[in-house]
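Note sheet for the following structure.
Note that these values count all heavy atoms, side chains included, but never hydrogens, waters or copies made by symmetry. One is the number of the first residue; the rest follow in order along the sequence.
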Amino acid sequence: ITVVSDIPGTSWSSEFAARYEFISGDPNSLKIALEKALDYDITAAEQQNNQKILEDKYSMDFWVEAVYNEVYCIANGERK
């Protein structure tokens, strides 16, 4: 279950089941999103799918490899 603000940097979370968005700077909107998230009964399948997305796309290993590859390309005068 994910509760995120409506800023552009959180658009990646749209892939997850049970994603609740609130209006940035609006405490009532946040309260409503949190209440919905707390009331949501996530299924085992949704939970497994969310975990797979995290591991495949957003794990530390994924990010480290992406940064390493970018730095390697820059150091060798290559650009992707």
Side-chain angles (χ1 to χ4, degrees):
I1 299 173
T2 308
V3 176
V4 297
S5 68
D6 61 352
I7 61 173
T10 62
S11 61
W12 59 270
S13 65
S14 63
E15 300 174 67
F16 295 107
R19 176 188 185 268
Y20 297 97
E21 186 175 283
F22 66 93
I23 300 167
S24 183
D26 182 344
N28 191 53
S29 178
L30 172 59
K31 176 184 174 277
I32 292 167
L34 287 170
E35 287 172 344
K36 288 180 180 179
L38 290 171
D39 288 340
Y40 188 81
D41 190 17
I42 192 166
T43 67
E46 288 173 322
Q47 204 165 13
Q48 287 174 345
N49 187 54
N50 286 352
Q51 185 65 37
K52 180 163 176 35
I53 292 168
L54 284 172
E55 290 170 0
D56 291 349
K57 294 186 174 184
Y58 305 107
S59 70
M60 185 62 71
D61 290 341
F62 177 86
W63 286 104
V64 168
E65 185 174 339
V67 169
Y68 174 82
N69 288 336
E70 185 67 23
V71 170
Y72 180 84
C73 286
I74 292 169
N76 288 302
E78 305 168 14
R79 294 300 292 174
K80 290 184 178 185

Nearest-0.5 Å distance, [atom1] of residue [X] to [atom2] of residue [Y]:
X: F16; Y: Q51; atom1: CZ; atom2: CD; value: 9.0 Å
X: L54; Y: M60; atom1: CG; atom2: CE; value: 12.5 Å
X: K36; Y: R19; atom1: NZ; atom2: CZ; value: 12.5 Å
X: L30; Y: E35; atom1: CG; atom2: CD; value: 9.5 Å
X: I74; Y: N69; atom1: CD1; atom2: CG; value: 11.0 Å
X: I7; Y: I23; atom1: CD1; atom2: CD1; value: 14.0 Å

Nearest heavy atoms of [X] and [Y], plus distance in Å:
X: I53; Y: E15; answer: CD1-O, 3.6 Å
X: S5; Y: T10; answer: O-OG1, 2.7 Å
X: F22; Y: A33; answer: CB-CB, 4.1 Å
X: E21; Y: D6; answer: OE2-CB, 3.5 Å

So Y20 and Y40, would you call those rings parallel, tilted or perpendicular, with 30° and 60° as cut-offs?
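Perpendicular, since the angle between the ring planes exceeds 60°.
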
Parallel, tilted or perpendicular: which describes the rings of Y68 and Y72, with under 30° parallel and over 60° perpendicular?
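The arrangement is parallel - the two ring planes meet at less than 30°.
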
Around atom CG of D41, are there more than 12 heavy atoms from other residues, nucleotides or ligands closer than 6.0 Å?
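Atom CG in D41 is not crowded, with 12 or fewer foreign heavy atoms closer than 6.0 Å.
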
Does W63 have more than 12 heavy atoms from other residues, nucleotides or ligands lying within 6.0 Å of its CH2?
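Result for CH2/W63: open.
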
Evaluate the criterion side-chain contact (heavy atoms from CB on, under 4.5 Å) for residue pair D56 and F62; output intermediate values, then yes/no.
CA-CA 7 Å; D56 291 349; F62 177 86; over 6 Å; no

